[in-house]
Amino acid sequence: MGKVTARQLLKMKRAGEKITMVTAYDYPGARLADEAGVETVLVGDSLGMVVLGYETTLEVTMEQMVHHTKAVARGCKNALVIADLPFLSYQITPEEALRNAGRLVRAGAGAVKLEGGREVTAAVKKITEAGIPVMGHLGFTPQSIHKFGGFFVQGKTSTDAVNLLEDALALQEAGAFSLVLELTPWELAAAITRELAIPTIGIGSGPECDGQVQVFHDLFGLCGDFQPRHAKQYADVGGIIREGLQRYVGEVKKGVFPGEEQSRRMAPEELALFREALGKRGK
Ligand code: KIV
């Protein structure tokens, strides 16, 4: 498989082939996703919550996104790397949005993602016109957490649903190559997917999207006890790591680790000389 491109995702939608996307924030996570055949790896600003321990994504900076995008890009041979534009890096002026998108591309991203509907189409247009593919993000958009008042499903009323559909069409019109639909009702996500020529990638939006995205740490039990309803845990890696760490602590306390195998000894003649030197120092 060669490097996945934005155009290829469009072809996959046309062919009815589901698209997979997973977040990654570092080199080993990116390598694992890439080697597993995931087509798109998202350096999400969920970085703030699952890696940096913030309450929301709002604290994530451009510097942090650039730093983590570089690591992820080094781990992806085939997958398309999409990097999130963080809070206030694209909302102020389209020029600033383009400058920041350019920084992520220079860090190794093949595309960028930003949140919002009609209010961000000028930024989408500016960035795409400069040759950088842009992914939109509608429904529950975490950078607007204070507006929503919590992690709630969006587009539940017919008015809100029509509004979201209009936003989706506006993003497509502005040049977006794909859209994430987060926490929207199944029926709305299905309708948007049918209406759009560009692929939709769902998270908590039902199975009829053209693809699915999940947060890496949710898939593998790496976020403590909290498991969002839209996430499915495929392996309890967190449990395995916890158990391993407990064994490590126990072995160090008991003096069992490190043993002969993890240690190196001096050559006998050097050891003899060393002991002699120690003896002289003792005098
Ligand atoms: O930041 C992120 O991880 C995201 C996904 C949830 C789509 O935007």
Side-chain angles (χ1 to χ4, degrees), residues 9 18-26 29-30 33 38-62 64-69 71-72 76 79-91 100-101 104 109 111-117 120 124 133-145 148 150-155 164 167-168 171 176-184 189 192-193 198-206 209-220 222-223 226-233:
L9 301 185
K18 291 281 188 191
I19 299 162
T20 55
M21 175 153 112
V22 69
T23 66
Y25 315 96
D26 56 19
V38 170
E39 287 99 7
T40 55
V41 169
L42 174 67
V43 192
D45 60 356
S46 49
L47 162 79
M49 297 174 77
V50 301
V51 172
L52 303 177
Y54 299 145
E55 284 284 312
T56 70
T57 60
L58 301 176
E59 284 124 302
V60 176
T61 64
M62 268 307 296
Q64 288 165 339
M65 289 306 302
V66 165
H67 177 77
H68 287 268
T69 299
V72 169
C76 286
L80 171 65
V81 176
I82 304 171
D84 260 344
L85 279 161
F87 181 56
L88 290 191
S89 68
Y90 57 92
Q91 293 95 334
N100 285 323
L104 294 174
V112 298
K113 175 166 82 59
L114 49 73
E115 298 181 6
V120 295
V124 172
V134 178
M135 175 177 261
H137 185 157
L138 288 173
F140 174 75
T141 43
Q143 291 174 17
S144 302
I145 180 87
F148 298 135
F151 294 79
F152 302 125
V153 174
Q154 301 297 310
L164 275 179
D167 277 335
L171 288 167
F177 76 94
S178 175
L179 277 192
V180 163
L181 296 175
E182 179 164 359
L183 296 187
T184 63
I192 293 176
T193 301
I198 60 173
T200 60
I201 310 292
I203 174 162
S205 294
C209 294
D210 298 304
Q212 296 293 326
V213 55
Q214 287 282 291
V215 169
F216 189 93
H217 291 55
D218 291 340
L219 292 176
F220 301 114
L222 293 168
C223 267
F226 178 69
Q227 181 75 355
R229 182 166 168 230
H230 61 260
K232 180 170 171 185
Q233 191 177 300

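Throughout, numbering of the chain's residues begins at 1 and tracks the sequence. What you see is a predicted model, and the numbers here were worked out from it, not measured in a lab. Order of appearance sets the numbers: ligands from 1, and atoms from 1 within every ligand.
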So what's ligand 1 close to, N/O to N/O, under 3.5 Å?
unit_1	atom_1	unit_2	atom_2	d
ligand 1	1 (O)	Asp45	N	3.1
ligand 1	1 (O)	Asp45	OD1	3.1
ligand 1	1 (O)	Ser46	N	3.0
ligand 1	1 (O)	Ser46	OG	3.3
ligand 1	1 (O)	Asp84	OD2	3.1
ligand 1	3 (O)	Ser46	OG	2.5
ligand 1	8 (O)	Lys113	NZ	2.9

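The only option from Leu179, Val112, Ile201 that meets the side-chain contact (heavy atoms from CB on, under 4.5 Å) definition with Met135 turns out to be Ile201.
The side-chain hydrogen bond (donor to acceptor under 3.5 Å, both in side chains) search around Ser178 returns none, not counting sequence neighbours. Applying the side-chain hydrogen bond (donor to acceptor under 3.5 Å, both in side chains) test to Glu182 and every residue at least two apart in sequence or in another chain returns His137. When the ring-ring contact (aromatic ring centres under 6.0 Å, His included) test is applied to His217, the partners found at least two apart in sequence or on another chain are Tyr25.
You'll find the ring centres of Phe140 and Phe152 outside the 6.0 Å limit.
Counting only distance, with no hydrogens or angles, the side chain of Tyr90 and the backbone of Glu115 share a donor-acceptor pair below 3.5 Å.
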